[in-house]
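Reminder, nothing fancy here: chain letters follow the sequence lines and each chain counts from 1.
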Amino acid sequence: MTAESMPADDPRRVLSDMRALAHRVRLDRRMTWGALLILAAVTLAAVPFDWFFMKVQCLPDGSCTFSRRGMLFYWPLASLLAYAAITYIYLRAARARGLSARVLPYAITGAATTVLFPTAWAAMSVYLSSHPVPEGPLPYWWFALDRLIMPWGVIGLSLLVLAGLERNVLLLVFTVGYLALVVLALPMNFGFGPPHWGIRLGLAVPQLIAGAVLLLGAAGFRVAARRRR
Amino acid sequence: MTTVTGTPEEDAAHPVTGLDEVVHQRVRLGILTITHEARRVEFGYLRTHLELTAGNLSKHLSVLEEAGLIEIEKGYEGRRARTWITLTAAGRAALTEEIGRLKQLIARVENTHPPEDR
């Protein structure tokens, strides 16, 4: 762009230049990799909490029940710290680049979704204390909804908000893939693996996979950001 | 420059006649665009991305500030002097209007000279 007056027959180019400048600002304000790295860290750090604070009771007939109290105490605090850290790095990075950050709606969404998991857990506990556990296999959508309001699903929901705020199509694609993985593919709520793995390992593996996906996403967005500069 | 012919009524309403000379200048339009997207932007960022000297940028900022389209805030971050630019409500309105005029201009040129004729 030059300091000369714009030729009147060039409005198309002027609009295109304006769009390019606005896009540049959006790119410079992003810290997607940082957000994904923090979310990967809290996801992976949750695994030992779940492992050591899980109560497993096995009956003589071989059936077992488990209670994931550790998750209930870990995730609200970890989420709050994570969203505070994400807000901080966005503000810091934007300020260092000479821009203002636009992350407050994301931080508010993150903080609001933090209460979703314990609230849903408490509501389900109250419901089951006065109603019998439904007999027969539960419908698939029930499991999907359960996984969506679990911390790993909620991370995906908050990433959707971030993708919208940043107008970041790549993050949107990544988040849709991540949500499909943790809601539709990975059995985050009852674990998986061969019987000899046991309940703890069976529940740890999906969390490790979710954490690894977030970590890979962080690495990918970091590489993309470095290439852009 | 493209000459657009039409009836006197059409000429009177030609989008070019409504363009604001303060806004309708490449650098100033760039400043307004960046500030609109960023909400608040530092002097150095504008200088780098618009590829201007500090003196040249300052002149354009003064024009926009005098027109009430931006606000300039000077301060320090640690020992480093910083100048922050914010778009005013009038600046936002002027930018929106300018974009509208440019779009009208494009539509008018396309209607007068369909792509296959050019």
Among His36(B), Arg40(B), Lys59(B), who wins on heavy-atom pairs under 4.5 Å with chain A?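 Option with the greatest count: Arg40(B).
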
Please, which pairs that meet ring pair (Phe, Tyr, Trp, His ring centres under 6.0 Å) have at least one residue in residues 81-113 of chain A, sequence neighbours excluded?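 Sorted result for residues 81-113 of chain A: Tyr83(A)-Tyr106(A).
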
Residue part contacting chain B, namely of Arg19(A), when any heavy atom lies under 4.5 Å: neither

What part of Arg29(A) is in contact with chain B, defined as an atom under 4.5 angstrom from a non-hydrogen atom: side chain, backbone, both or neither? side chain

Which atoms form the tightest heavy-atom contact between Leu102(B) and Met18(A), and what is the distance? CD1-SD, 4.2 Å

Nearest heavy-atom neighbours spanning Val25(A) and Tyr45(B):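 Heavy atoms only, the tightest pair is CA-OH, 3.5 Å.
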
Can you tell me how far apart CD1 (Ile106(B)) and CG (Leu15(A)) are? Round to the nearest 0.5 Å. 4.5 Å

Rounded to the nearest 0.5 Å, how far apart are OG1 of Thr33(B) and NE2 of His23(A)? 15.0 Å

Contact origin within Arg28(B) toward chain A - heavy atom pairs under 4.5 Å: neither

Side chain, backbone, both or neither: which part of Leu57(B) has a non-hydrogen atom closer than 4.5 Å to chain A?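 Neither part.
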
Decide yes or no for Arg26(B) and Val14(A): does some side-chain heavy atom of the first lie under 4.5 Å from some side-chain heavy atom of the second? yes

Side-chain heavy-atom pair Leu21(A), Glu37(B) within 4.5 angstrom cut-off: no

Should the heavy atoms of other residues, nucleotides or ligands under 6.0 Å from CZ of Arg39(B) be counted, would the total exceed 12?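 No, because the 6.0 Å sphere around CZ of Arg39(B) holds 12 heavy atoms or fewer from other groups.
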
